[in-house]
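Shown next, in structure tokens, is the structure this report addresses.
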There are 2 protein chains.
Amino acid sequence: MEQKIQAKNLDEQRFGRVLPHVSVDCVIFGFHENQLRVLLLRLRSIQEWSLPGGRLFPDESLDDAAHRVLKERTGLQNIFLKQFYAFGDRHRMDNTDFHGILAKQGIQLDPSHVLFDRTISVGYYALVEFSQVTPGLDILTEEWRWWDVREAPVMLFDHNEIMSAALKTLRRQLRYDPVGLNLLPEKFTMPELQKLYETILGKTLDRRNFQKRLLGYGILKRLEERRLGGAHKSPYLYCFDREQYFKALESGLEHEW
Amino acid sequence: MEQKIQAKNLDEQRFGRVLPHVSVDCVIFGFHENQLRVLLLRLRSIQEWSLPGGRLFPDESLDDAAHRVLKERTGLQNIFLKQFYAFGDRHRMDNTDFHGILAKQGIQLDPSHVLFDRTISVGYYALVEFSQVTPGLDILTEEWRWWDVREAPVMLFDHNEIMSAALKTLRRQLRYDPVGLNLLPEKFTMPELQKLYETILGKTLDRRNFQKRLLGYGILKRLEERRLGGAHKSPYLYCFDREQYFKALESGLEHEW
DNA sequence: ACAAAAGTGTTGCCGATACACCCATGA
DNA sequence: TCATGGGTGTATCGGCAACACTTTTGT
């Protein structure tokens, strides 16, 4: 009975007023301790981890839905968020036996329930500043965690594939996306920025050439401060010159990596 | 009565077994007489032109649906086809009064009919060889026509926006897509290939540099033949070295335009 | 023979890479 | 004082753009 009520709540709160056959999934990237990470969550009673996602309300655009999911998951608004691909394989959801899982909990849902629909998912990727994120748990979510992209677990449905596609897009888009601005804190050093690029690209870059290049874009401001406490020579702090940054992005940051 | 039957047919043939809320739309590019063209069609009783599109059968992937639409429209199979964006604005279909149009014909459909659903559309673009296309008319289609992309008419829904987005993607993807191979006939001259690129990019290119660059990729084979009948010096004919082409595409054709 | 189009070669510039030296800091 | 990391400068190389001359063809 308890369970039945829960199923009913679940239905009304999450699935009562949503469109069938369409969803959004967000690959939320963060950067911490020199690792590129993704925010994943594990749904109640489901073993596999999954990407934060959700369905559309009838009056909501795809973009709005993605922003809403992001806000529900990270508490953040006005985040950099970009659609990158729609996943529509016929059997993309076949690896999960929802009926079995729910049955074990004594939850019965009609076979025509939205949850079992064959669904096209539109993928978005987000760049967020790690330290600002404090995900909340909702009724469906049992656990959340940041994973190193290289060590991501087996996920629900085709979510591993979606994550890989997001990463690939991110790499190709490095020139056009405000990567540093969104993934790093307000102030950062040149080596830190370089580490971010190296981590995303998965290869090392020449220190001197990197600095010349990035400064060449004219989108960084060097501050008077330096980062103290390091074991060696203290590096300068930089921040983004937002006005210049967005101006530069429109024309693309040229150059290949 | 006649009309009612038609409405019923329409329903069974086209909408009886499809998913609601999702569709695909194809921007089909061709090249003819030095113009980049798109294949548009006009649906029966609807004034505006539209992109060829359709809904998904329950057992069909997005890609399969796009290929099916393409085949229905052009008779072509194994065509270069690429997904480029999902369009999901809340009001993207608001500019058309289906109820009014159908009412004028005496066709009554239930307000919950799939046709009136709020729909997310996944955009694909295709590159086809103009001369090979012979579109067929189906029960819903009244007229089809190739339009110069620069002179496309006002279209249904947000189809103008979808077409623009496709064109923008095509330009950015010039390096990665087998543009020439799909849009030109088997054999072609260097000036013809250059015209294609110039038309897509919307700007003129230096003849000598263009030739050096394209030949530099090592994906073209020069034939012994020349194109005769021109008023002046007869140019060589080329064809693609398919093996080399696909090998080169994997690494990307480098270089920016 | 002449006009118009097509084939080919050379130069110079700019950006990216490769590489070396000096400086600051904490242990 | 030394090891380590951070700041800065220079030489070279390659790709692309700019550009000119010759050849072919139909009229």
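Order of the sequence lines fixes the chain letters, A, B, ..., with proteins taken first and strands second; residue numbering starts at 1 for each chain. The analysis underlying the following values was restricted to heavy atoms, covering all of them including side chains, and did not include hydrogens, waters or symmetry mates.
Taking the ring centroids of A/Y124 and A/F84, they lie at or beyond the 6.0 Å cut-off.
Near-neighbour residues of DNA chain C inside residues 188-195 of chain B, defined by a heavy atom below 4.0 Å, number-ordered: B/P191.
In this entry the distance linking CZ of B/R227 with C1' of C/dG7 reads 17 Å, nearest Å. Taking atom CG on B/L214 and atom P on D/dG15, their separation rounds to 16 Å, with Å as the unit. The distance from atom CG of A/L205 to atom C1' of C/dG15 is 16 Å, rounded to the nearest whole Å. Put simply, CZ on A/F210 is 14 Å from C1' on D/dG6, counting in whole angstrom units. Between B/R213 atom CZ and D/dG14 atom C1' there is a gap of 14 Å when expressed in whole angstrom units.
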Donor-acceptor pairs under 3.5 Å, side chain of residues 155-165 of chain B to any protein atom, not counting sequence neighbours: which ones?
| from | atom 1 | to | atom 2 | distance (Å) |
| --- | --- | --- | --- | --- |
| B/D158 | OD1 | B/R92 | NE | 3.3 |
| B/D158 | OD1 | B/R92 | NH2 | 3.1 |
| B/D158 | OD2 | B/R92 | NE | 2.9 |
| B/H159 | ND1 | B/L51 | N | 3.0 |
| B/N160 | OD1 | B/M155 | N | 2.7 |
| B/N160 | ND2 | B/P153 | O | 3.1 |
| B/S164 | OG | B/N160 | O | 3.1 |

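Between atom CZ of residue A/F188 and atom CG of residue A/L223 there is a gap of 8.5 Å, rounded to the nearest 0.5 Å. One distance of note links CD of A/E129 with CG of A/L181; it measures 9.5 Å at 0.5 Å rounding.
For the pair B/Q211 and C/dA6, the criterion of a side-chain N or O lying under 4.0 Å from OP1 or OP2 is not met.
In summary, A/E186 and A/R242 engage in a salt bridge, as defined by a charged side-chain N under 4.0 Å from a carboxylate O.
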Per-nucleotide protein contact along nucleotides 18-27 of chain C, 5' to 3', at a 4.0 Å heavy-atom cut-off (B base, S sugar-phosphate only, - neither), is BBB--BBBS-

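The side-chain contact (heavy atoms from CB on, under 4.5 Å) with A/P52 is formed by just one residue from the set A/L70, A/L41, A/T141; it is A/L41.
Side-chain contact annotation: A/S121 with A/D25, donor-acceptor N/O pair under 3.5 Å present. Using a 3.5 Å distance cut-off with no hydrogens or angles, the side chains of A/R226 and A/T189 do not pair a donor with an acceptor.
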